[in-house]
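Below: the structure, in structure tokens.
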Amino acid sequence: MSTGAAPVRQLDAASVGELRQAAEKVLAACETSATSPELLARVAEVAADLSEPIRHALRPVDTDDGLFVLRGLEVDDSEIGATPSSWATAGDSGTVHDIVMLLLATVMGNPIAWEGQQDGRFVHNIVPAPGHENEQTGASSSALLSPHTEDAFHPGRAHLLMLGCMRNHDNIATTAASIRNVRLSEADISLLTRPRLPILPDDAYTEAQGFQGGEPAPVPTLFHAKDGLTLRFDPAYTPLDDATPAHRAAYERLETELARVSGAVSLEPGEVLVVDNDLVVHGRVPFKARYDGTDRWLKRASVRVPARRTRPLAEADEHGYGQAAIEAHAA
């Protein structure tokens, strides 16, 4: 699945200008994209006034692919400066683009941040970082980033994942596969809808990995929602060795099917990939990082959709390994 093959929603020039002016208005008032109550209040106020064409472009995912590419935003390669050497050194790099991402996220739902990740910011910088090449996190490069549900370990994970491209000179692809496109037997579905194995916190959450507040809760891999199957999937952090042979075999068949239907989306600067995190697992192909300021650079935002019912009610009882998600716009 190239960007051309993925569902594309094109913003017109008026909408692009409106978003840029809205972001600049917020920035002029707050002078930063770092998290603050003032910034979030301004974002909510400005987002409420965005026009209908923008809102239409940000309507819910409406195909079995479970994603779309929002196209038309402008990114000036020289204006944004060098790709940061890590998220920790990024600071306010690409500040206006952070605020645009927050505005888009606010139209679609409620942006969330994590206390234990990237200093609690609502927009993350995803860049390769020296020493992290082979991890299963967004800072890796040399390793294949395995297909996974974003923050699968946590019951408060996002409903929507947004990846906005700032720089991608090497056409490095994000992979994506939808549960709605796989073929599984009823027997496999029956096994995988039973809560048999936990999903452990990934390497981006070091505090969660040391959590001592309770045993990891077994969770189902698949769930029957009102409009079809949803999934919660992260094989790199699922202790499959603890599964029965039958369950492990069903899980492996699901992996094989997801690989079969997987596509690749190589984003261009200014494009934003929006993924339904209940339908689609995403990953990234390996690449060789240069660490010279020209490497791939994405902005990531996570969104909860209020009142959405696509997950088992039992998730409400999970401890989440002590991690707390912060909602940008509390009810």
Side-chain angles (χ1 to χ4, degrees), residues 7-62 67-75 80 92-114 117-126 150 156-166 267 269-278 298-308 325-331:
V8 172
R9 300 181 184 179
Q10 179 75 45
L11 290 169
D12 59 29
S15 296
V16 172
E18 180 183 353
L19 282 164
R20 179 83 185 196
Q21 291 173 11
E24 289 174 345
K25 177 181 178 181
V26 174
L27 181 59
C30 302
E31 300 182 346
T32 180
S33 62
T35 303
S36 72
E38 180 188 9
L39 171 77
L40 298 176
R42 290 276 184 172
V43 165
E45 175 185 313
V46 172
D49 291 332
L50 291 174
S51 65
E52 179 55 32
I54 293 173
R55 296 181 179 283
H56 180 70
L58 297 171
R59 66 192 182 277
V61 170
D62 52 10
L67 54 79
F68 64 86
V69 173
L70 186 70
R71 181 179 288 168
L73 297 173
E74 299 169 348
V75 175
I80 62 174
D92 275 344
S93 300
T95 305
V96 168
H97 301 282
D98 286 351
I99 297 172
V100 168
M101 290 284 283
L102 268 176
L103 289 168
L104 298 176
T106 299
V107 171
M108 292 189 290
N110 198 346
I112 61 171
W114 297 93
Q117 194 176 33
Q118 296 209 12
D119 290 339
R121 284 180 178 256
F122 284 88
V123 179
H124 295 170
N125 288 284
I126 306 301
E150 186 73 3
R157 63 196 178 279
H159 293 107
L160 301 173
L161 173 70
M162 302 170 59
L163 297 173
C165 182
M166 301 288 284
L267 294 171
E271 293 182 335
V272 180
L273 175 63
V274 179
V275 171
D276 188 315
N277 199 39
D278 288 327
L298 303 182
K299 297 282 188 180
R300 179 177 68 198
S302 297
V303 186
R304 283 184 185 159
V305 180
R308 183 169 174 177
I326 308 161
E327 294 192 347
H329 313 303

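This one's a predicted model, so the numbers in the text were calculated from it and none came from an experiment. The first residue of the sequence shown is numbered 1, and numbering continues consecutively from there.
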Member of L39, I99, L40 meeting the side-chain contact (heavy atoms from CB on, under 4.5 Å) criterion with C30: L39
Side-chain donor-acceptor pair present, E18, S51, cut-off under 3.5 Å: yes
No-hydrogen, no-angle side-chain donor-acceptor test under 3.5 Å, D98 and T95: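 Checked: D98/T95 side chains show no N/O donor-acceptor pair below 3.5 Å.
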Can you tell me how far [atom2] of [Y] sits from [atom1] of [X], rounded to the nearest 0.5 angstrom?
{"X": "H329", "Y": "F122", "atom1": "NE2", "atom2": "CZ", "answer": "8.0 Å"}
{"X": "L67", "Y": "N277", "atom1": "CG", "atom2": "CG", "answer": "12.0 Å"}
{"X": "M162", "Y": "K299", "atom1": "CE", "atom2": "NZ", "answer": "12.5 Å"}
{"X": "N110", "Y": "L160", "atom1": "CG", "atom2": "CG", "answer": "11.5 Å"}
{"X": "M166", "Y": "M101", "atom1": "CE", "atom2": "CE", "answer": "9.5 Å"}

Candidate pair R304 and E327, rule salt bridge (Lys or Arg N to Asp or Glu O under 4.0 Å), full reasoning: CA-CA 8 Å; R304 283 184 185 159; E327 294 192 347; 2.9 Å; yes
Salt-bridge present (D276, R308; N to O < 4.0 Å): yes
Side-chain contact test, heavy atoms from C-beta onward, threshold under 4.5 Å: evaluate it for [X] versus [Y] and give yes or no.
{"X": "R20", "Y": "E74", "value": "no"}
{"X": "M108", "Y": "V274", "value": "yes"}
{"X": "S93", "Y": "I80", "value": "no"}

Grab the two heavy atoms, one from [X] and one from [Y], that are nearest each other, plus how far apart they are.
{"X": "G72", "Y": "Q10", "answer": "CA-NE2, 3.7 Å"}
{"X": "I112", "Y": "G156", "answer": "CD1-O, 3.7 Å"}
{"X": "L19", "Y": "L103", "answer": "O-CD1, 4.2 Å"}
{"X": "E271", "Y": "L267", "answer": "OE1-CA, 3.5 Å"}
{"X": "T106", "Y": "P111", "answer": "OG1-CG, 3.6 Å"}
{"X": "G120", "Y": "A113", "answer": "O-CB, 3.3 Å"}

Treating [X] as the side-chain partner and [Y] as the backbone partner, does any N or O pair qualify as donor plus acceptor under 3.5 Å?
{"X": "R55", "Y": "L50", "result": "yes"}
{"X": "R9", "Y": "A57", "result": "yes"}
{"X": "R59", "Y": "H56", "result": "yes"}

Exceeds 12 heavy-atom contacts within 6.0 angstrom, atom CD of Q118: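 Yes, the 6.0 Å shell around CD holds more than 12 heavy atoms from other groups.
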